[in-house]
Structures are given as structure tokens and as C-alpha cells.
Number of protein chains: 2
Amino acid sequence: MEDGAGDDLYQELWRLCAGPLMDVPCVQDRVFHFPPGHIELAEMESDEVYARITLQPSSDTDPLDPNPICSEKPKQKFYSFIKTLSTSDTSTHGGFSVLRKHANECLPQLDMTMENPTQELVAKDIHGVEWKFKHIYRGHPKRHLLTTGWSSFVAAKKLVAGDSFVFLRGENGQLRVGVRRLNPLQSPTSSSVVSTQNMRLGVIVTASHSVMTNTMFVVCYKPRFVSIF
Amino acid sequence: MEDGAGDDLYQELWRLCAGPLMDVPCVQDRVFHFPPGHIELAEMESDEVYARITLQPSSDTDPLDPNPICSEKPKQKFYSFIKTLSTSDTSTHGGFSVLRKHANECLPQLDMTMENPTQELVAKDIHGVEWKFKHIYRGHPKRHLLTTGWSSFVAAKKLVAGDSFVFLRGENGQLRVGVRRLNPLQSPTSSSVVSTQNMRLGVIVTASHSVMTNTMFVVCYKPRFVSIF
DNA sequence: TTGTCGGCGGAAGGCCGACAA
DNA sequence: TTGTCGGCCTTCCGCCGACAA
């Protein structure tokens with residue numbers, strides 16, 4: 001999807017959107033004789049993040065074999081904040097109020113010699129879609145705001161007060177934005193076509209078929225609904 | 001969902017939204033030793049219609065046994081039209097232009113002694129949700145239009161030029177509205193969580209399990225994607 | 001007959017500082 | 001410091017008849 005440096009940022013964005021307790025383990029997988037390999041994703045409609053884990057049955061019986069894939073360290077430093085949205089933040093009346101601490105730590109520096117310093121921020125969400133925001137420092141007393149572009153983001157992501165806005169900057173200056181919802185958007189399909197029962201049976205059959213024929217299969221791991229499978 | 005007379009209308013609405021070639025057969029089911037019984041539905045998001053068919057394995061071996069359920073005749077007459085939406089119909093600039101023939105045949109009569117005769121139409125969609133439209137006969141030359149309320153319907157149903165608007169009136173004066181799309185809305189889940197493979201396997205297992213244990217099971221029949229199952 | 005347009009009035013969007021919690 | 005509000009300007013919505021295909 002992106003050049004090398006960007007992948008780190010997407011992975012960090014995924015972590016931020018999923019929440020601190022939702023890291024996907026990849027070492028213990030070996031205990032069940034499945035060499036790991038997973039990919040982080042997000043739903044198109046809700047931006048709900050999930051992990052797709054590709055599993056292949058293995059005859060390797062040593063669960064203590066160190067896993068080279070997980071031993072890599074992140075190479076760059078990240079600057080990020082998460083803010084719970086106020087009523088004003090999500091209202092169509094105005095923009096987004098950036099807390100001073102967040103602005104100082106995470107937003108690119110403004111030229112403070114100007115009367116009303118302003119800049120355009122261009123950030124990508126977890127799908128790689130670009131979002132533009134006007135960042136301005138104005139008012140009395142002075143404050144940081146996101147104005148033009150913010151309301152489109154709120155509408156497109158269907159954000160309401162209580163949801164959280166995720167912002168991330170890499171050392172190289174690349175920006176990412178994301179969303180963490182207070183109440184997940186209900187999927188239209190969950191109530192109609194796809195029965196949980198059918199899915200569960202399908203997964204079981206797929207897994208056993210995979211073991212018998214020694215072929216690969218895929219599991220989707222959704223932080224919000226871990227207990228389903 | 002509704003009192004008796006309304007059910008007929010919903011069934012007719014389902015037929016109109018699915019298209020003339022999409023009637024759900026219910027006689028030949030017997031040939032496969034499944035006493036029939038189905039219910040028409042529509043997806044919450046796209047209004048795509050489908051049929052949910054409940055099947056129970058049967059030891060009855062006479063395929064020619066007449067089916068009493070399908071021999072009933074509809075009791076009331078329906079007045080309906082389907083119009084392909086023009087660019088103007090779906091534009092936010094104005095309302096919906098009702099073809100004269102359609103207005104004469106299907107819309108409730110206006111009081112033509114008025115200068116600009118108008119009335120409010122209240123119609124339910126396939127979910128039972130009410131939609132209100134202002135119907136007015138005005139302009140030079142005179143024409144039938146749906147104005148206030150129409151744009152909300154277009155936005156909510158995500159209609160674009162080329163899609164079709166379905167209108168239905170029963171003898172009792174009850175009104176129904178529906179939608180038939182040129183290009184189906186792609187479901188966000190179809191590209192992510194739910195794999196066709198898992199669904200297919202789930203259905204097969206459910207069916208064989210049903211036969212073995214002689215219990216009921218359910219199949220969803222979607223006119224647009226008959227070939228999937 | 002009916003699709004599209006210009007005109008226009010009103011509602012909502014959205015940028016601003018004021019102010020108080 | 002920052003959530004909310006009144007003010008005000010602009011954009012877009014949406015109802016109208018005109019007009020031509």
C-alpha cells in the first residue's frame with residue numbers, strides 16, 4: 001500500500017485505533033503449531049480495525065523456537081494524541097478544538113511570528129485516504145483549532161460526541177488520522193443475511209479442512225468481538 | 001409487522017422491487033421433499049430485497065401433491081408505477097417529476113378546482129418506515145411533482161440517476177414506496193470479514209446437519225446473487 | 001409531455017471572537 | 001485552558017415558472 005517508512009505509521013495507527021489492550025500476540029501462536037503471519041485492516045464503512053491472521057498447520061513441535069518476525073523493533077518515534085470529542089467538536093457550528101498540550105506535542109510547528117498563524121495539514125486514514133485540515137492558532141486567548149475540512153471528516157466518519165479522534169505524526173513528518181468509537185456502528189448485515197451460526201460452522205469446517213489437507217486458511221480477529229469465534 | 005390488508009401490499013412491493021423475473025417459486029420445492037415456507041425481506045442499508053426460505057426435511061415422496069399455500073389469490077387490486085430517475089430527479093436542485101400517466105393511474109386524486117392543487121402523501125417502504133411527500137400539480141404547462149420530502153428520500157436511499165423509484169397504492173388507499181438500483185450498492189462486509197467460501201461451507205454443513213437431525217434450517221435467496229449458493 | 005435551467009428566498013454551514021467555567 | 005455561544009457571512013437547498021426538446 002505504501003513505501004517502507006509509511007508502513008510503520010499505519011501499524012502504529014492501527015494500535016492507537018484498536019486501543020492499548022488490543023495488541024495482537026504473535027509469539028504464542030507457535031504453541032498451537034501455526035506459523036504466524038497477520039495483517040492489520042479496518043472496515044470500509046466504520047473504520048473498525050481488525051486483524052486478519054493467516055494460519056497454516058505445521059508439524060513443528062518446538063514451541064520455544066524464537067519468532068524472528070516479532071523481534072524487530074520500530075525504527076522511528078511517533079507523536080500522537082487521542083481526544084474524546086466534545087459536543088462542540090462534533091457540532092456543525094464550528095471546528096475542532098486542539099488541546100494545547102496535544103498541539104505542542106504532535107502538530108507541526110506554526111510560524112508564530114504571524115498574527116494568525118495557519119497551515120494546511122494533510123493526513124491519511126487507515127485506508128490510505130487523504131484528509132485535509134486547516135490548522136489555525138487564533139482567538140483571545142489564543143488557541144489551536146482545526147477548521148476547514150474538519151466537518152467533512154466528522155460527517156464521513158459518522159462521529160458523535162463521546163467518540164475519539166486519533167492523530168499521529170511520524171518523525172519524517174507524515175501524518176495519520178483515525179477514529180475510536182464509543183459505541184460501534186451496527187453493521188446492516190449482522191441483523192439480516194449473515195447468521196452467526198452459519199459463520200461459526202463455516203469457520204470450524206474451514207479449519208478442519210485446512211488441517212486435513214494441510215492448506216492455509218484465514219481468521220479475522222476483531223478487537224470488539226473477540227468472543228464470537 | 002402489519003394488519004392483514006397491509007401484508008398483501010408488502011408482498012406486492014417486494015415483487016416490484018425484485019423485478020418481474022424474480023418471483024420465488026414455491027411449488028417445486030416439494031420435489032426436493034422440503035415443505036415450503038418463505039418470507040420476503042430487504043436489507044436495512046441498501047433495501048436490496050431477498051427471500052428467506054425455511055426448509056425442513058420431509059419423507060413425503062409424492063411430488064405432485066398440490067400446495068395449498070400457493071393456491072391463494074390476491075384479494076385486492078394494486079396500482080403501481082416504476083420510473084427510472086433522471087438527473088433532475090436525483091439532483092438536489094428540485095423534486096421528482098411524476099409522469100402524467102403515472103399520476104393519473106396511481107396517485108390519489110387531487111382537488112382540481114384549486115389553482116395549485118396539493119396534498120401530502122404518506123407511504124411506507126419495505127421496512128415499514130414512513131416517508132412523506134408533498135404532491136403538487138403546478139407550472140405552465142401543468143405537471144405533477146413530488147417536492148418537499150423527496151430529497152430526503154433520495155439521500156437516505158442513496159439514489160442516483162438511472163436507479164428506479166417504485167410506487168404502489170392499494171385499493172384501500174394505503175401507499176408504499178421502494179427502490180430498484182441500476183448498480184447494487186457494494187456491501188462493506190463483502191470485501192472484508194465474510195468470505196464467500198466460509199458462507200458456502202457454513203450453508204452446506206447446516207443443511208447436512210439439518211437432514212441428519214431432522215431439524216429446520218433457513219436459506220437466504222437474493223435475486224441479485226442467485227448463483228452464489 | 002417532461003427534462004433542465006435561472007431566479008430567488010430561506011435554512012444550514014462554518015469562521016470569528018467573547019466569555020465563563 | 002477550553003467548551004459553548006452570539007454574530008455574521010456564505011453556501012447550498014429547494015420551490016417556482018420558463019422554455020425547449
Side-chain angles (χ1 to χ4, degrees), chain A residues 81-107 114-121 131-156 158-165 167, chain B residues 81-107 110 114-121 131-156 159-165 167:
Chain A
F81 69 80
I82 298 180
K83 185 198 175 193
T84 301
L85 300 176
S86 69
T87 307
S88 298
D89 288 332
T90 54
S91 151
T92 58
H93 187 64
F96 172 82
S97 189
V98 187
L99 304 189
R100 179 167 298 274
K101 179 177 151 70
H102 291 164
N104 290 338
E105 292 175 357
C106 306
L107 296 188
M114 309 286 291
E115 170 59 21
N116 278 340
T118 184
Q119 65 182 331
E120 184 178 60
L121 304 180
W131 299 90
K132 299 181 180 179
F133 306 95
K134 178 179 179 182
H135 167 210
I136 192 169
Y137 184 65
R138 62 164 171 82
H140 303 282
K142 292 275 193 186
R143 69 203 306 180
H144 292 270
L145 297 164
L146 300 186
T147 57
T148 311
W150 171 253
S151 67
S152 304
F153 184 80
V154 169
K158 297 186 173 63
L159 296 178
V160 296
D163 292 340
S164 295
F165 176 56
F167 186 92
Chain B
F81 69 80
I82 299 181
K83 185 200 175 192
T84 301
L85 299 176
S86 69
T87 306
S88 298
D89 288 332
T90 55
S91 150
T92 58
H93 187 65
F96 172 82
S97 191
V98 186
L99 302 190
R100 178 168 299 273
K101 177 178 153 71
H102 292 164
N104 290 338
E105 293 175 357
C106 305
L107 295 188
L110 285 171
M114 309 286 292
E115 170 58 21
N116 279 338
T118 183
Q119 64 180 333
E120 183 178 61
L121 305 180
W131 298 91
K132 299 181 179 178
F133 306 96
K134 178 178 178 183
H135 167 211
I136 190 169
Y137 185 63
R138 62 164 171 80
H140 302 283
K142 293 275 193 186
R143 68 204 305 183
H144 292 270
L145 298 165
L146 300 186
T147 58
T148 310
W150 170 254
S151 68
S152 305
F153 184 80
V154 169
L159 296 177
V160 297
D163 292 340
S164 295
F165 176 57
F167 186 91

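In what follows, chains carry the letters A, B, and so on, assigned in the order in which the sequence lines appear, proteins first and then strands, with residues in each chain numbered from 1.
D/dA20 is paired with C/dT2 under the criterion used here, namely a Watson-Crick or G-U wobble arrangement in which both key atom distances are under 3.5 Å.
Side-chain N/O atoms of A/Arg143 and base N/O atoms of C/dG17 include no donor-acceptor pair closer than 3.5 Å. You'll find a donor-acceptor pair under 3.5 Å spanning the side chain of A/His93 and the base of D/dG6, going by distance alone.
Closest to the side chain of B/Ser88, out of C/dT4, D/dC15, D/dT4, is C/dT4. Comparing D/dT1, D/dC16, C/dG3 by their closest approach to the side chain of B/Lys134 singles out D/dC16. Checking D/dC15, D/dG3, C/dC15 against the side-chain heavy atoms of B/Arg138 singles out D/dC15 as nearest.
At whole-Å resolution of the value, CG in A/Leu146 and P in C/dC15 are 11 Å apart. What separates CG of A/Asp89 from P of D/dC5 is a distance of 13 Å, to the nearest Å. Note: NE2 (A/His140) to P (C/dA20) measures 16 Å, nearest angstrom. Atom CD1 in A/Ile136 sits about 16 Å away from atom P in C/dG14, given to the nearest Å. For the pair B/Phe96 CZ and D/dC16 P, the interatomic distance rounds to 16 Å; values are reported in whole Å. Atom NZ in A/Lys83 sits roughly 14 Å away from atom P in D/dT1 (whole-Å rounding). Atom-to-atom, CD of A/Glu115 to P of C/dC15 comes out at 19 Å; the value is rounded to the nearest Å.
Using a 4.0 Å heavy-atom cutoff across all strands shown, B/Leu145 reaches no nucleic acid atom at all.
Here the straight-line distance linking atom NE2 of A/His102 with atom CZ of A/Phe167 works out to 11.5 Å at 0.5 Å rounding. Atom CD1 of residue B/Ile136 and atom CZ of residue B/Arg143 lie 12.0 Å apart, to the nearest 0.5 angstrom. Rounded to the nearest 0.5 angstrom, B/Phe96 CZ and B/Ser151 OG are separated by 13.5 Å.
In summary, A/Asp89 and A/Lys83 engage in a salt bridge, as defined by a charged side-chain N under 4.0 Å from a carboxylate O.
The shortest distance between the side-chain N/O atoms of B/Ser151 and the OP1/OP2 oxygens of D/dG14 is below 4.0 Å.
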